[in-house]
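A short worksheet on the structure shown next.
What you see is a predicted model; the values in this text were computed from it and never measured. Protein chains get the first letters and strands the later ones, always in sequence-line order, with residue 1 at the start of each. Heavy-atom basis, side chains included; hydrogens, waters and symmetry copies ignored.
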Amino acid sequence: CSRWEEEKKEGGVKWMQLEHRGPYFVPLYEPLPEDVQFYYDGKPLKLSLATEEIATFYAKMLDHEYTTKEIFQNNFFHDWRKEMTSEEQEIIKDLDKCDFREIHKYFVDKNEARKALPKEEKQKLKEEADKIQEEYGYCILDGHREKIGNFKTEPPGLFRGRGEHPKMGMLKKRIMPEDVIINCSRDSKIPEPPEGHRWKEVRFDNTVTWLASWTENIQNTLKYIMLNPSSKLKGEKDWEKYELARRLKDVVHTIRAQYRKDWKSKVIKKRQRAVALYFIDKLALRAGNEKEEGETADTVGCCSLRVEHIQLHLQLDGQEHVVEFDFLGKDSIRYYNKVSVEKPVFKNLQLFMKNKDPTDDLFDQLTTSFLNKHLQHLMDGLTAKVFRTYNASITLQEQLKALTNPEDNVAGKLLSYNRANRAVAILCNHQRSIPKTFARSMQVLQEKIDAKKEQVEEAQEEVKKAEDEFKDTKDAKAEANVEKKKKLLKRLEEQLAKLNVQATDKEENKQIALGTSKLNYLDPRISVAWCKKFGIPIERIYNKTQREKFAWAIDMAGEDFEF
DNA sequence: TGACTCGACTCAGAAACCTCCCA
DNA sequence: GTGGGAGGTTTCTGAGTCGAGTC
């Protein structure tokens, strides 16, 4: 417990001591065997090492949808040609004439060979990986040994953006020690760069939490090596995030009253802010910063919504003032929703859309920084994203209260928990692609249910038969038989009910990802309290990793915790 | 002052990996 | 006993948010 109670540092200082080994560099490229060939225009062509390496990146992805996309192909070919020797550039002028299939097969086979390795060999590989983890995977921070999140540099490869990313297929370069900035404490054992190399820089900045960083060549942004969520540093931050969201609970009613008032403001900018805030609050939309056009996929959040992303319906499906949202959000995940809104919101939207093109900004006078400045003024530390955390957590708490039946068994209570979790995932629009195996496994489950139903029917008849026999004979043996058959029937019925629950759960979950909300939006103390209150073992809710991440909450929360 | 850029951090789903169960 | 497949877990790294600095 004391771990969470050490005093807080001042002035943006994050640590007093930080010692680590630096990043683990992924192995260098291993050339292809002589007999694995690249073909150009039907003829084998021996490539230079650098060209060959990049060719393998593409070859490995051959059966991925990415390689069928024109942008991906063009970006790849452009970047590949840049790395070729002039002789190669002279020959390789058309991607369509490049045949990577033999290289592709080589990697597929290699993968299978690795999977088929005897147990002892696999064990040996595992031990080697564990050794690397042991050596590079931990650091010392203020006297505690802490797990690092990502201690390996990212291997070179082809950039895979999400959605229609204009940079997909570009070459992501290999990270060398010369690219890496090390951050540690001055008096610690400074990590040694790999033999024959040096670091770009070693700095001693204890106002940041990262251990190492480098600049990535696709978007020219920084990448960091940071601590694992189980660390004290991250745990404390997480706790602060939820405490901030809890503070919103006290003022949210005032804020709601305020934005309702602002819907009628004479200043359009204020009205836009008030309508946007209504969406952020009611629909848990993200803030929506502007992004540089052509540099990333075309996605939006609340403030960056365009006219083309909403449709207004005075009447729809028996509801009034319906706004139909259809846009791509973070990670190009589609947000589609039809929402009945309050009349002034509807009227304002009509006004904001007047005389605009579909591609014009809906909130043309609004920026996230203007919105956040306003929020800061309403509550210390308040920003747009706090609403997501707040609404997610409060929804979980309310749903748990509404759905949990104390009479249920553990399985039934867990189903209620999942349903509450799911309500949040739907609110936050956390989606996943439907698992490839979904239809099949659903069918298997349905067959099981059908079989079980038959068994139940049979058992019912057996019971009846036994009862009839008892009526005739009135003997003790027949009576015992009735009891036996009834018991069997009951067991089968329970099994059937369980299968039905499973099927419902599965169906309702097929396109919903529960993990993101569980990990990032739901105050874990709500779940811990719920477990304690209903006698559910915490392991049924959180797996090992999650328990490590939420150690602070498991420590702190009692059964009467209220968000 | 405010638009723009940059740095540091959280949040995101896909894919790889692992485990356990059932035929 | 075993092999494979389903489902859970872990890893990976891209995509956001937001504050601060700059001009």
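Comparing atom distances between the A/Ala287 side chain and each of B/dA8, B/dG13, C/dC18 picks out C/dC18 as nearest. Among the nucleotides B/dC9, B/dC11, B/dG13, the one closest to the side chain of A/Ile333 is B/dG13. Comparing B/dA12, C/dT9, B/dA8 by their closest approach to the side chain of A/Arg388 singles out B/dA12. Distance from the side chain of A/Leu222 is smallest for B/dG7 among the nucleotides B/dT10, C/dT9, B/dG7.
With rounding to whole Å, A/Asn289 atom CG is found 14 Å from B/dG7 atom C1'. Rounding to whole angstrom units, CG of residue A/Leu519 and C1' of B/dC11 are separated by 9 Å.
A donor-acceptor contact under 3.5 Å links the side chain of A/Lys330 to the base of B/dC11. One donor-acceptor pair, N or O on each side, does fall under 3.5 Å between the base of B/dG13 and the side chain of A/Arg162.
In this structure, A/His165 has its ring center no closer than 6.0 Å to that of A/Phe72. Aromatic ring centres of A/Phe325 and A/Phe279: separated by under 6.0 Å.
Contacts of A/Gly515 with the nucleic acid, taken as non-hydrogen atoms under 4.0 Å apart, are absent. Contacts of A/Pro229 with the nucleic acid, taken as non-hydrogen atoms under 4.0 Å apart, are absent. Contact annotation for A/Thr299: backbone-only contact, meaning every heavy-atom pair under 4.0 Å involves sugar-phosphate atoms and none involves a base.
The nearest heavy atom of DNA chain B to A/Met226 and to A/His430 marks one nucleotide each, and the one closer to the 5' end goes with A/Met226. Residues A/Gln546 and A/Gly161 both approach DNA chain C. Their nearest nucleotides, taken by heavy-atom distance, put A/Gln546 toward the 5′ side. Between A/Thr545 and A/Val386, it is A/Thr545 whose nearest contact on DNA chain C lies nearer the 5' terminus.
Taking side-chain N and O atoms only, A/Thr516 has no distance below 4.0 Å to OP1 or OP2 of B/dA12.
With A/Leu378 as reference, A/Ile255 is the one residue of A/Val251, A/Ile255, A/Val252 to meet the side-chain contact (heavy atoms from CB on, under 4.5 Å) rule.
Judged by distance alone, the side chain of A/Asn206 and the main-chain N or O of A/Trp15 form a donor-acceptor pair under 3.5 Å.
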